[in-house]
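Following: one structure in structure tokens, then a few remarks.
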Amino acid sequence: MEWSDEAIVLGVRRHGETGVLLELLTRDHGRHFGFLPGGRSRKTMPLIQPGNSLVVTWRARLDQHLGTLSVEATRLRSPGFINAPHALYGFAALAASLRFLPERDPHPALYDAVIHLCEALPDAESVGPLFVEFELRLLAELGFGLDLDSCAATGSREGLVYVSPRTGRAVSAQAGAPYREKLLTLPGFLVYDGLANRVAPQALAEAFALTGYFLWRWIYEPHDREPPPERARFVASITREDDPA
Amino acid sequence: MPKASAGPEIERLIQLLARLPGLGPRSARRAALHLVKKREQLLGPLADATRAAAERIVTCSVCGNIDTSDPCAICSDQERDPRIIVVVEDVADLWALERAGVLNARYHVLGGVLSPLDGIGPDDLNITGLVGRAAEGGVEEIIIALNATVDGQTTAHYLTDSLRHLPVKITRLAHGVPVGGELDYLDEGTLGAALRSRTAF
């Protein structure tokens, strides 16, 4: 068995004296592990840091084997992360949530979104909406997509300001008024303004609260796990209001 | 199955030696043979030293170092500057910095770094002990000497956040060109870090 694919490194674990176990998100082969002999060498270690893009070749006698990797780095993002705490926290949160993807199940659209997000991670100003978009896409890829297009009660596409915590569907201001204490806030930029626009910290915090709730309820809690603390640190660091002084 | 070429005691010795880093079954066999041949000079003293170490080794309750006394020799050393604490991932890193002999400071061994892949979170590391030491007073600088990896630097930023409320200067090791390094052979990330951290000459 042998294939080559582009990949992004999600994690590195020591394996044996000189090798490492690489956890990758590949474009066409999904989340994939492989053994990289000599991965702990001074020459190779900088290339296989989490966040870096590689072209990998995986070889094994049988498909179900762990397999051996050979790698060539194509984009080194980790040095850009190292000096930006929000980028390190963001990548840790991203990798933790991607670990819920089944192994060897390709998600090329999600892979493209991850690459796009990783390119933007060092820029604290613009990364927030992209991260929310990634989490919404991840929920959808795992089968728990939110329906934010129209009101669950009236079918209206106007005035959508809430999300039902039970169904993940949008609710209009009028239909949701009697239940507003129980509903989640739907920031307008997720429905109307588009993700490219600059988003106020308050709206961004509400968006992260929304995706965080559904990630916790539908992904983490059924696996008896807690969301990683890095996500809360990432959200806090990019939604912090600028000091007026 | 191959027949054993030596008695069970020697085979057991070979098996245990083969578990050491850098030794495979073949080199373990050679090491065992060497020990057996030098019973008086090597095997006996090694056995005594190993037994004594196994009985006396403890983890330092102050810094997490491994030694035969608690507090360890470094924490008990009155000649060391108590105002500076160097934070390292592992005892091996402490030994490496001691080999360099540049700093006469005290240490704090975290016992690992944050690693979601290995399931290591803040509660699994010796972070509370570090915050406690820094809060006790008398500490003026904490040098974070963790690996320049994504996991190492995530941990470094986590520590910085945890220590932010204390009146302590927090520094970290520089990133850049190693001594003897040739620019042509360095990866782009290291070169970028070196350029960003350039100093007046």
Side-chain angles (χ1 to χ4, degrees), chain A residues 9-18 20-24 33 40 42-52 73-99 118 121-122 225-234 236-237, chain B residues 18-24 27 89-90 92 112-125 127 144 146-162 164 170 172-178 180-182 184-197:
Chain A
V9 182
L10 297 181
V12 187
R13 181 192 287 170
R14 293 177 181 183
H15 193 80
E17 284 180 37
T18 57
V20 295
L21 200 61
L22 273 187
E23 185 188 25
L24 305 164
F33 284 88
R40 287 178 63 192
R42 200 180 297 176
K43 185 179 154 198
T44 309
M45 207 59 187
L47 309 181
I48 55 168
Q49 287 300 299
N52 288 349
T74 54
R75 177 94 171 90
L76 302 181
R77 296 186 192 86
S78 57
F81 294 173
I82 278 175
N83 290 310
H86 74 271
L88 289 168
Y89 293 142
F91 189 82
L94 174 148
S97 55
L98 286 172
R99 290 195 175 102
C118 285
L121 258 182
R225 304 251 297 271
E226 286 294 320
E230 287 86 356
R231 184 181 184 276
R233 287 175 178 270
F234 170 71
S237 62
Chain B
R19 290 190 197 172
L20 295 176
L23 292 184
S27 44
E89 175 185 339
D90 196 47
V113 288
L114 299 174
S115 173
L117 183 55
D118 292 321
I120 300 173
D123 296 340
D124 301 308
L125 304 178
I127 295 175
I144 300 179
L146 298 179
N147 292 333
T149 59
V150 167
D151 287 346
Q153 294 307 302
T154 304
T155 311
H157 286 297
Y158 183 88
L159 289 179
T160 309
D161 287 346
S162 304
R164 197 182 295 280
I170 301 167
R172 70 169 189 188
L173 299 187
H175 300 154
V177 183
E182 296 179 35
D184 194 21
Y185 287 93
L186 290 181
D187 64 277
E188 302 92 312
T190 306
L191 282 171
L195 279 170
R196 280 192 296 272
S197 315

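Numbers restart at 1 for each chain; the letters A, B, ... are given by sequence-line order, proteins then strands. Since the structure is predicted, the reported quantities are computational estimates derived from the model, not experimental observations.
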Proximity breakdown for A:R233 and chain B, heavy-atom pairs closer than 4.5 Å: side chain

Which of A:A87, A:P85, A:G80 touches chain B most, by non-hydrogen pairs under 4.5 Å: A:P85

Contact origin within A:P228 toward chain B - heavy atom pairs under 4.5 Å: neither

Contact class of A:R13 relative to chain B, heavy atoms under 4.5 angstrom: both

Results of side-chain contact (heavy atoms from CB on, under 4.5 Å) for B:A194 - residues two or more places apart only: B:V177

Closest heavy-atom pair and its distance - A:V9, A:F91: O-CZ, 3.2 Å

Winner by heavy-atom pair count (cut-off under 4.5 Å) against chain B, out of A:G11, A:S78, A:P50: A:P50

Separation between CD1 of A:I48 and OG1 of A:T44, rounded to the nearest 0.5 Å: 6.5 Å

Residue part contacting chain B, namely of A:I82, when any heavy atom lies under 4.5 Å: both

Heavy-atom pair count under 4.5 Å with chain A, highest-scoring of B:L186, B:T154, B:T160: B:T154

Distance (rounded to the nearest 0.5 Å) between A:L21 CG and A:L24 CG: 9.5 Å

Engaged part of B:L191 at the chain A interface, taking heavy atoms whose separation is under 4.5 Å: neither

Side-chain heavy-atom pair B:Y158, B:I127 within 4.5 angstrom cut-off: yes

Heavy-atom check, side chain of A:F81 versus side chain of A:L121, under 4.5 Å: yes

Pairs of heavy atoms under 4.5 Å with chain B: top-ranked of A:M45, A:R99, A:E23: A:R99

Salt bridge (Lys or Arg N to Asp or Glu O under 4.0 Å): pairs with one or both residues in residues 76-85 of chain A, sequence neighbours excluded: A:R77-A:E119

